[in-house]
Trainee: 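Structure in structure tokens, see below.
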Amino acid sequence: MASERYDHASVEKKWQERWAKEGIYRAQDSGKGKVYVLDMFPYPSGEGLHVGHPKGYIATDIYSRHMRMRGHNVLHPMGWDAFGLPAENYALQNKVHPRVAVERNIAYFKEQLAHIGFDYDWSREINTTDPAYYKWTQWIFLQLFKKGLAYMSDEPINWCPSCMTGLANEDLDGTACERCGTPVEKKKLPQWVLKITAYADRMLADLDALKWPEHIKEAQRNWIGRSEGLTFTSPVKDTSLTIDTFSAHFEAFFADTFVVIAPDHPLLPTLLEGLPNKEKILKEAQAMTDKRAAQGYDQIKEPEGIFTGRYTVDSVGNGELPIWIANYALADYGTGIVKCSAHDERDYAFAKKYNIPLKEVLEPVHVQKTGSSTFHEGEPFVEHHGVIVLLKKWDEDKYLGLRWKDAPDWGTLLTGAIEKGGGGEETARREIEEETGYTDIKSVRTLGTIHGKYYHVPKKQNRIGHTPVFVIELGSDKRVPLSQEEESKHKLVWLTPAELGSFLTPATHKYALRKLLGTAGAWTDFSNAILIEPAEFAGKVARDVREEVADYAVKKGFAKKTVTYKIKDWVFSRQRYWGEPIPIVHCPTDGPVAVPEDQLPVRLPEVEHYEPSGTGESPLANIAAWVNTTCPKCGGPAKRETNTMPQWAGSSWYYLRFMDPHNDHTLVGKDKDKYWAPVDVYVGGDHAVRHLIYARFWHKFLYDIGVVSTTEPFARLEFLGFILAEDGRKMSKRYGNVINPDDVVAQYGADAFRIYEMFMGPFENTVAWSTASIQGAARFVERIWKLAHKPLTEDPASAELESVLHQTAKKVGEDIEAFKFNTAVSQMMICLNAMEKAPALRVGQWKAFMRLLAPFAPHLAEELWAYFGEPFSIHTAAWPQYDPAKIVSNTVQVAVQVNGKTRASIELSPTAAEEEALSAARKAVEKWLTGPEKKAVYVPGRIVSFVI
RNA sequence: GCCGGGGUGGCGGAAUUGGUAGACGCACGGGACUCAAAAUCCCGCGAUCGCAAGGUCAUGAGAGUUCGAUUCUCUCCCCCGGCACCA
């Protein structure tokens, strides 16, 4: 055994066989301290594993081994997610039956996994394509059907012409099929749809308590896309119809001047009924829909519209509003019809293009964010009333600017404070005469009121200014002389609007100019806007009175409070062969009828051709013997549902089956669920939305019907970063840059491979594979092997080495629990360095180190454990306890700073008294203490800081 | 555009949550062993000035708080991820 080098191949084989034979990783269904550790189970593709796949499995392996050593009853299972398109496509390409292909692929995957030395409990292995498994997938579908949560729909669905199947919204990448990149089409097909929207609120609310990465929770919140608002109902003039419009920015509803409807809205033909040009409009609307589908919603830049000829009588009292068809309106969001106003960018642009009149009910509040007048955060605001004057020169398109003499970079318009009881126009006229001397006023008009938040430098206060804007034109240069004081304050300059644009400093003045030029656009910032209608809320910030406005609208009978979601019900039918048959029979008299539960599973029949038909019919439709059946209700002739379930069905509940994989009576026994649920740690990448949202949906449903006892399936989720190929690209057969773990294990050994993958960087980071860097892990393994064969001692331990070991025991344990494997490995390397350098190494210290190493390098640790005469197996041995007292050493290096700069380092006891520390520190930095000492800070064990 | 996460040597990355920035590893340079190479071991390794002792500058940029900032606050720039004419 005491060979020179570590012969990893034979050591690994030996222990892998022994572990399997003795079944040391088998989970018991009872006992204290259960821990359920789960990987996202793989899709057994024909290409086998590359080195990126096992990263998550190594992490759960280390975590579960560590928990087992801490005395927990650990469940760490593995299985296969083998239904779905990739398996079917692979089978089609290689001219084998998908079942055969899947079996072959699983065997290869399993062999590859075995080489890495995982602690899976293979007695619980499951496979989603096994009839004994999919029986329960079908059973769940039947329960959904019985509760009305699985229903048939005729709504057009996303159809991928390349994959020849319908897809759910979640299966899209923008407007293309996520799998093959082909743009999807809208296709009308009768579909099974699952009512995931019924669970949207609960899925949203329960996210908060989950120990999941923030970006995944956020992705789910975005996907659910909950939006609260009001729905207004108004009659359509000259018809018996009413329309509903949804608005989330309803505070400004008195500004609504027109209505838009989506070009593909189902109500459109009815709406146009009786109009002479109905057909023409419908044709144009269809063209708009087609154009939008061709280029994708996100490519629409230019608003386009068609007037329908209809008007709605606004329930709020805004009069008769014209109804337009607009290319930016979406039929499947909200009600598909929107009331529009000047306070929305798209609506504004649309109205401008088609000369639809607009009305404003929000006055902008400009917040000064640059320069010396930037408002001071947290300080109160003082109300200030004034005027802004755009003074137009006689005979010329130039306006008056003021350049301030005591602030040369400060350019403004003419302004003035409104004195008590004074009016705006009166103030404006007075200011013109006082500040400029001009007296010949030809005309006065107003551009409305604007508001500003800024810091008033002379008075040293935050202000919120309320200022009507006047445009005043002079008739001539008639002037009275200015006072000395006014003359000295600022210089008058006449500027063209373009010049004024760069001349003006305050945000409010710039906006006044844009108002004058008509380039101000829509004001859409409701948090910085003063409402002027309804009168009850005049003068209030729109966002601040949102709830009150909603209550007001409801009370007045204008609207109902409603909630809409971006998430759509889950399109659940696939027109492909390789999936779970949907357990439904279609009867001409009874409609869709559930297959009785005792007839489950509905087995996937053998077919000669399982190629997709492309007609929207599943390949199963051609098997008359299978399709034709009798109705379970009336006994008459009926046909089986021929669509299959999507790939995501089997994976939406598999974690439950691992708890009780062989149960024939129920999908999971109540006692088993009670004991094992929930999954304590779930590890995987990708699938931020789809799998994780589908599984949460099904789980909540199963909770509601009493099958499971928890409301969430995965208490904690650790998201892994991928491993890229050495060239920085994705690892793919296409690029020829795939690295097979078998080769790595053969060359460096499984343990070096495992350690390297964990040491590459933080678990959640995506890092490129480096053949050079794996050498470091291999050297680490070799050095441990070497040190094990050096003489050990029974002598008393050196305090220093003892401290490092206890630190290592603490850090490795804590880091494993926190999924910080990279720093755990680093600490073991520090420990090995210390052991190599130590004058003597005790047997007990070495054995403790072996146990810390065991989760990372299970083969090496097991071999050396046996070498030191310990009983099989190290993986069931107890995790080393650390002694906090031993971690603290007698002396520490304390830095000494003078005026914030580190000047020396002194050795002190971590508990040294302040006086002692200060005098030692003073001595060490004597030459820097060149002035009287103003202050001295002492943080025991860390730092001494002097200020002179 | 909105939201989430980031920006530290040649590279992957540490930093006890405000206390000596660069742990650990890779790469690189020098040395030992060797006939030689590999492997192994020892030393060095942010920039800059200096023979050295030592100094100065450095965690995307700029400000602020503090005795002290990679860490906290604000503004800006850049990268990654999610959502997106979503009313």
Side-chain angles (χ1 to χ4, degrees), chain A residues 4-5 174 213-227 229 245-250 260 262 292 297-303 326-330 332-341 343-347 349-350 369-370 374 377 524 564-566 688-689 719 721 755-756 759-762 764-768 770-777 779-780 782-783 786 807 810-811 814 820 822-833 836 887 893-906 934-939 941-948:
Chain A
E4 279 285 302
R5 290 187 66 96
E214 197 47 46
H215 74 274
I216 310 252
K217 292 204 215 179
E218 203 53 34
Q220 295 216 348
R221 286 187 197 109
N222 282 341
W223 191 258
I224 293 168
R226 183 190 151 99
S227 175
T245 58
F246 172 77
S247 174
H249 304 299
F250 52 78
V260 297
R292 191 166 73 175
Y297 292 126
D298 46 349
Q299 293 306 311
I300 299 170
K301 300 257 148 53
E302 181 72 10
N327 63 343
Y328 64 86
L330 302 169
D332 58 1
Y333 185 80
T335 64
I337 310 175
V338 199
K339 284 210 294 174
C340 301
S341 77
H343 300 299
D344 178 284
E345 257 170 56
R346 295 153 310 166
D347 298 346
F350 190 85
K369 284 181 185 158
T370 54
T374 300
E377 194 83 47
T524 58
T564 43
Y565 302 89
K566 190 185 94 80
V689 171
F719 199 75
I755 287 166
Y756 171 60
F759 190 60
M760 286 176 87
E764 66 278 11
N765 280 20
T766 294
V767 187
S770 161
T771 304
S773 293
I774 195 172
Q775 292 287 355
R779 277 181 206 141
F780 176 64
E782 282 294 341
R783 280 165 55 200
K786 236 188 214 168
Q807 268 176 51
K810 177 176 195 285
K811 182 151 182 65
E814 288 173 356
K820 287 153 100 177
N822 58 330
T823 49
V825 172
S826 141
Q827 181 63 39
M828 289 192 291
M829 288 173 169
I830 291 168
C831 189
L832 178 64
N833 289 345
E836 284 176 340
I887 290 175
Q893 292 292 313
V894 172
V896 185
Q897 297 184 338
V898 179
N899 281 356
K901 295 207 165 164
T902 305
R903 295 302 185 186
S905 179
I906 54 174
K934 281 195 214 151
K935 189 173 177 180
V937 180
Y938 170 53
V939 183
R942 299 237 187 271
I943 209 158
V944 177
S945 182
F946 296 110
V947 187
I948 60 166

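Naming: A, B, ... by sequence-line order, numbering from 1 per chain. Predicted, not measured: the structure shown is a model, and the values here were computed from it.
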Trainee: Taking only the side-chain nitrogens and oxygens of A:Arg903, find out if one of them lies under 4.0 Å from OP1 or OP2 of B:U56.
Mentor: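 Yes, such a contact exists.
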Trainee: Where along nucleotides 20-31 of chain B does protein come under 4.0 Å, by heavy atom, of base (B) or sugar-phosphate alone (S), with - for untouched nucleotides?
Mentor: B--BBSSS----
Trainee: Counting only Watson-Crick or G-U wobble pairs whose two distances fall under 3.5 Å, which nucleotide matches B:A21?
Mentor: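 For B:A21, the partner nucleotide comes out as none, under the 3.5 Å rule.
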Trainee: Can you tell me if A:Lys935 touches the phosphate of B:C67, counting only side-chain N or O atoms and a distance under 4.0 Å to OP1 or OP2?
Mentor: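 So the side-chain polar atoms of A:Lys935 do come within 4.0 Å of the phosphate oxygens OP1 or OP2 of B:C67, strictly under.
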Trainee: Determine the Euclidean distance between corresponding P atoms of B:A32 and B:A21; express it in Å to zero decimal places.
Mentor: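 After rounding to an integer number of Å, I get 36 Å for this pair.
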Trainee: For A:Asn822, which residues count as a side-chain contact (heavy atoms from CB on, under 4.5 Å) partner, sequence neighbours excluded?
Mentor: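 Result, side-chain contact (heavy atoms from CB on, under 4.5 Å) vs A:Asn822: A:Pro762, A:Lys820.
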Trainee: Looking only at atom C1', what distance separates B:U48 and B:C43, rounded to whole Å?
Mentor: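 About 23 Å, rounded to a whole number of Å.
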Trainee: With a 4.0 Å cutoff (strictly under), does any side-chain N or O of A:Lys901 reach OP1 or OP2 of B:C57?
Mentor: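 Checking A:Lys901 against B:C57: at least one side-chain N or O falls below 4.0 Å of OP1 or OP2.
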Trainee: Taking only the C1' atom of each, what is the distance from B:G62 to B:G10 in whole angstrom?
Mentor: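 One C1' to the other, the span is 28 Å.
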Trainee: Between B:C49 and B:C35, how far is it from one P atom to the other, in whole Å?
Mentor: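 Result for the P pair: 42 Å, nearest Å.
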Trainee: May I ask you to verify if any side-chain N or O of A:Lys339 is less than 4.0 angstrom from the OP1 or OP2 atom of B:A87?
Mentor: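 False: A:Lys339 side-chain N/O out of range (4.0 Å or more) of B:A87 OP1/OP2.
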Trainee: Using the C1' atom as the reference point in each nucleotide, state the distance between B:G29 and B:C45 in Å, no decimals.
Mentor: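 Approximately 8 Å lies between the C1' atom of B:G29 and that of B:C45.
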Trainee: Hey, is the side chain of A:Asn765 poking within less than 4.0 Å of OP1 or OP2 on B:G13, counting only N and O atoms?
Mentor: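 Yes, such a contact exists.
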Trainee: Say you pick atom P in B:C28 and the same atom in B:C78; how far apart are they, in whole Å?
Mentor: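 Between the two P atoms, the distance is 36 Å.
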Trainee: Is there a Watson-Crick or G-U wobble partner for B:C72 with both distances under 3.5 Å, and which nucleotide is it?
Mentor: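 Paired with B:C72, as far as the under-3.5 Å criterion goes, is B:G64.
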Trainee: Quick test: give all pairs of protein nitrogen or oxygen and nucleotides 1-9 of chain B nitrogen or oxygen below 3.5 Å, distance rounded to 0.1 Å.
Mentor:
{"from": "B:C3", "atom 1": "O2'", "to": "A:Glu218", "atom 2": "OE2", "distance (Å)": "2.8"}

Trainee: Please state the P separation for the pair B:G13 and B:A63 - nearest whole angstrom.
Mentor: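 Going atom to atom, P in each nucleotide, I get 29 Å.
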Trainee: The criterion is side-chain contact (heavy atoms from CB on, under 4.5 Å); which residues satisfy it with A:Ala326, sequence neighbours excluded?
Mentor: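 Partners of A:Ala326 by the side-chain contact (heavy atoms from CB on, under 4.5 Å) criterion, ordered by chain and then number, come out as A:Val260, A:Tyr328, A:Phe350.
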Trainee: Which residues pass the side-chain contact (heavy atoms from CB on, under 4.5 Å) test with A:Phe759, sequence neighbours left out?
Mentor: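 A:Phe759 satisfies side-chain contact (heavy atoms from CB on, under 4.5 Å) with A:Val825, A:Ser826, A:Met829 only.
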Trainee: Above 12 or not: heavy atoms from other molecules or residues under 6.0 Å from NZ of A:Lys566?
Mentor: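 Yes, because the 6.0 Å sphere around NZ of A:Lys566 holds more than 12 heavy atoms from other groups.
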Trainee: Using atom P of each nucleotide, how far apart are B:U40 and B:A27 to the nearest Å?
Mentor: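 Comparing P positions in B:U40 and B:A27 gives a spacing of 10 Å.
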Trainee: Which base sits across from B:G81 as a Watson-Crick or G-U pair, both distances under 3.5 Å?
Mentor: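 For B:G81, the partner nucleotide comes out as B:C3, under the 3.5 Å rule.
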Trainee: Sequence neighbours left out, what passes side-chain contact (heavy atoms from CB on, under 4.5 Å) with A:Ser905? Give chain and number order.
Mentor: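 Per chain and number, A:Ser905 pairs via side-chain contact (heavy atoms from CB on, under 4.5 Å) with A:Gln893.
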Trainee: What nucleic acid atoms does A:Val939 come within less than 4.0 Å of, heavy atoms only: base, sugar-phosphate, or nothing?
Mentor: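 Counting heavy atoms under 4.0 Å across all strands, the contact made by A:Val939 includes a base.
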Trainee: Decide yes or no on salt bridge (Lys or Arg N to Asp or Glu O under 4.0 Å) for A:Arg779 and A:Glu782, but give the supporting numbers first.
Mentor: CA-CA 5 Å; A:Arg779 277 181 206 141; A:Glu782 282 294 341; over 6 Å; no
